[in-house]
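Encoded as C-alpha cells, the structure appears first; notes follow it.
Just so we're on the same page: letters track the sequence lines, and every chain starts at 1.
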Number of protein chains: 2
Amino acid sequence: MPDNQERFKMLLRQKGLKVTTQRILILETLEDRPDEHLTAEEIYECVKQENPDIGLATVYRTIQLLSELNLIDKLNLGDGYVRYEIGHHGDDATIHHHHHLICLDCGNVFTFQDDMLETLETRIQDSMDFKIVDHEVKLYGYCRECQKKNQGE
Amino acid sequence: MPDNQERFKMLLRQKGLKVTTQRILILETLEDRPDEHLTAEEIYECVKQENPDIGLATVYRTIQLLSELNLIDKLNLGDGYVRYEIGHHGDDATIHHHHHLICLDCGNVFTFQDDMLETLETRIQDSMDFKIVDHEVKLYGYCRECQKKNQGE
DNA sequence: GTACATGCAAAACATTTGCATCCGA
DNA sequence: TCGGATGCAAATGTTTTGCATGTAC
C-alpha cells in the first residue's frame with residue numbers, strides 16, 4: 001500500500017514541479033476524509049483553517065494536478081459541483097474503483113465494491129469491440145434510514 | 001408504447017400548464033435524435049431552425065420540465081455540458097435505462113443494454129438495505145475505430 | 001381576461017486564466 | 001538565482017432568474 005504523500009512528492013519531483021505547503025495540505029485534506037466526496041469549495045474551506053492565505057485558484061489547480069496523477073478520483077453527483085475523493089488503491093498500483101449509492105432523500109453517498117462489473121466489461125469488450133479502461137457506476141435510491149423514516153407514508 | 005407527444009400534452013394539462021409551440025418543438029427535437037445526447041445549446045440551435053425567435057432560457061426551462069416529467073434523461077459526460085436524450089420506455093411505463101460507452105479518443109458515445117445490473121441491484125438491495133430506483137453506468141475506453149487507428153503505436 | 005410562458009438581458013454560479021509577486025530547489 | 005507556484009481579480013461559459021410582454025385556454 002503506497003503512501004500517497006510520498007508518491008505525490010516523488011511524482012512532483014519527477015516532473016520538475018515543486019513540493020509546496022499548499023499542495024501537501026490539499027492532499028492531506030482529501031486523505032483525512034476518504035469517504036466524503038468534497039467539492040473544491042469544501043476543500044478550500046478545510047485547508048484555510050491551516051493556511052488562511054490560500055487561494056481558491058490554487059485548490060482548483062492542485063485538484064487538477066492530483067487528478068492527472070491519478071491520486072484522486074472525480075465524482076459528479078449532478079448537483080452542479082464536481083467532487084473529489086482520494087483514490088482507493090490495491091497492493092499494486094491498480095485503482096479499485098468503487099461504486100456509489102446515492103440516497104435521493106437525504107443525499108448521503110454510500111460506497112460499495114463489486115466485481116460483477118468485470119464480467120460485464122468482458123462481455124461488452126467482446127460483443128461490441130470496445131476496449132474498456134475505466135468505469136463509473138451510480139445507483140440512486142433510498143438508504144436504510146430514509147426508508148424507515150418514510151415507512152408510514 | 002406510449003406516444004411521448006400525447007403524454008407530454010396530457011401531463012401538461014394535468015398540471016394546469018400550457019401546451020405551447022416551443023415545448024412541442026423541443027420535445028420533437030429530442031425525439032428525432034434518440035441517440036445524440038444533445039446539450040441545451042444544441043437543442044436551441046435545432047429548434048431555432050423552425051422557430052427563430054425562441055430564447056435559450058425557454059429551452060432550459062422546458063428541458064427542466066421534461067426532466068421532471070421523466071420524459072427525458074440527463075447525461076453528464078464530464079465535459080462541462082449537461083446532455084439530454086429522450087427516455088427509452090418499454091411497453092409499460094417503466095424506463096429502460098441503457099448504459100453508455102464513452103470513447104476517450106474520439107469522444108463518441110455508444111449505448112448498450114444489459115440486464116446484469118438488475119442482479120447487482122438485487123444483491124446490493126439485500127446486503128446494504130438500500131432500495132434502488134435508478135442507475136447510471138458509464139464505461140470509458142476506446143471504440144473499434146480508434147483501436148484500429150492507433151494500432152501501430 | 002387571467003394565468004402561465006416567453007424572450008431578453010442581467011445575474012448567478014462554478015471554474016479558469018492573466019499577471020505581478022513569491023518561494024522552493 | 002530562476003522557473004515554477006501562488007493569490008488576487010478579472011474573465012469565462014453554462015445555467016438561472018427578473019420582468020415586461022405575449023399567448024393558450
Side-chain angles (χ1 to χ4, degrees), chain A residues 5-6 8-29 37-69 71-72 74-84, chain B residues 5-6 8-30 37-69 72 74-84:
Chain A
Q5 205 147 313
E6 281 314 311
F8 187 28
K9 289 182 186 171
M10 198 184 70
L11 289 164
L12 286 173
R13 292 193 189 106
Q14 230 169 63
K15 292 196 146 201
L17 302 175
K18 287 168 184 170
V19 176
T20 63
T21 320
Q22 291 90 332
R23 285 179 175 165
I24 296 302
L25 280 174
I26 289 166
L27 179 62
E28 276 179 353
T29 297
H37 320 99
L38 300 168
T39 65
E41 194 81 36
E42 284 165 353
I43 296 168
Y44 174 59
E45 289 303 327
C46 288
V47 176
K48 252 206 319 208
Q49 290 179 10
E50 304 263 326
N51 184 340
D53 286 340
I54 197 170
L56 183 53
T58 301
V59 174
Y60 275 105
R61 282 186 282 235
T62 303
I63 280 169
Q64 201 167 318
L65 185 59
L66 287 165
S67 198
E68 282 163 19
L69 297 175
L71 290 167
I72 60 173
K74 272 192 197 187
L75 174 63
N76 198 319
L77 300 182
D79 61 354
Y81 300 87
V82 179
R83 292 165 183 280
Y84 300 90
Chain B
Q5 205 147 315
E6 279 315 311
F8 187 28
K9 289 182 185 171
M10 198 184 69
L11 289 164
L12 287 173
R13 292 195 190 105
Q14 228 169 66
K15 291 195 146 200
L17 303 176
K18 287 169 186 168
V19 176
T20 64
T21 319
Q22 291 92 331
R23 284 177 175 166
I24 295 303
L25 279 175
I26 289 167
L27 179 60
E28 277 180 353
T29 296
L30 286 156
H37 320 98
L38 301 167
T39 64
E41 195 80 35
E42 285 165 352
I43 296 168
Y44 174 57
E45 290 304 326
C46 288
V47 176
K48 249 203 323 205
Q49 290 178 12
E50 305 263 326
N51 186 338
D53 287 340
I54 197 171
L56 184 52
T58 301
V59 173
Y60 276 103
R61 282 185 282 232
T62 304
I63 280 169
Q64 201 168 316
L65 185 59
L66 287 165
S67 196
E68 281 163 18
L69 297 176
I72 61 174
K74 272 193 196 185
L75 175 63
N76 197 318
L77 300 181
D79 61 354
Y81 299 86
V82 179
R83 292 165 183 280
Y84 300 89

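Rounded to 10 degrees, the angle between the two end axes of the helix from C:dG1-D:dC25 to C:dA25-D:dT1 is 30°, with five pairs used at each end.
Distance CD (B:Q14) to C1' (D:dC25): 17 Å, rounded to an integer number of Å. Atom OH of B:Y44 and atom P of D:dT14 are 13 Å apart (whole Å). Rounded to a whole Å, the CZ atom of A:F8 is 15 Å from the P atom of C:dG24. Taking atom CG of residue B:L12 and atom P of nucleotide D:dC25, one finds them 9 Å apart after rounding to whole Å. Rounded to whole angstrom, the span from the CG atom of A:L66 across to the P atom of D:dA5 amounts to 13 Å. Spacing between atom CG of B:L38 and atom P of D:dT14 amounts to 15 Å, rounded to whole angstrom units. Per the geometry, CG belonging to A:D53 stands 17 Å off P belonging to C:dT21, to the nearest Å. A:N51 places its CG atom 13 Å from the C1' atom of C:dC23, with the value rounded to the nearest Å.
Not counting sequence neighbours, the partners of B:E28 by the side-chain contact (heavy atoms from CB on, under 4.5 Å) test are B:Q5, B:I24, B:L25, B:E31. Applying the side-chain hydrogen bond (donor to acceptor under 3.5 Å, both in side chains) rule to B:D53 yields no partners; only residues at least two apart in sequence or on another chain are considered. In this structure, the side-chain contact (heavy atoms from CB on, under 4.5 Å) partners of B:Y44, at least two apart in sequence or on a different chain, are B:E41, B:K48, B:I54, B:L56, B:V59. A:R61 meets the side-chain hydrogen bond (donor to acceptor under 3.5 Å, both in side chains) test with no other residue; sequence neighbours excluded.
Taking CD1 from A:I63 and OG1 from A:T39, the interatomic distance works out to 8.0 Å, rounded to the nearest 0.5 Å. Distance NE2/A:H37 to CD/A:E42: 11.0 Å, rounded to 0.5 Å. Separating the OH atom in B:Y84 from the NZ atom in B:K74 is a distance of 5.0 Å, to the nearest 0.5 Å. Note that CZ of B:F8 and CG of B:L65 are 5.0 Å apart. Values are rounded to the nearest 0.5 Å. With rounding to the nearest 0.5 angstrom, the CD1 atom of B:I43 is 10.5 Å from the CZ atom of B:R83.
Remark: B:K18, B:V19 in residues 15-25 of chain B come within less than 4.0 Å of DNA chain D through at least one heavy atom.
Contact of the B:I26 side chain with the B:L66 side chain is registered, since non-hydrogen atoms from C-beta on lie closer than 4.5 Å.
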For a quick check, with a 4.0 angstrom heavy-atom cut-off, what is the B/S/- contact string for nucleotides 13-19 of chain C, read 5' to 3'? -SBBBB-
Donor-acceptor pairs under 3.5 Å, side chain of residues 10-23 of chain A to any protein atom, not counting sequence neighbours: which ones?
residue	atom	partner	partner atom	Å
A:T20	OG1	A:R23	N	3.2
A:R23	NH1	A:K18	O	2.8

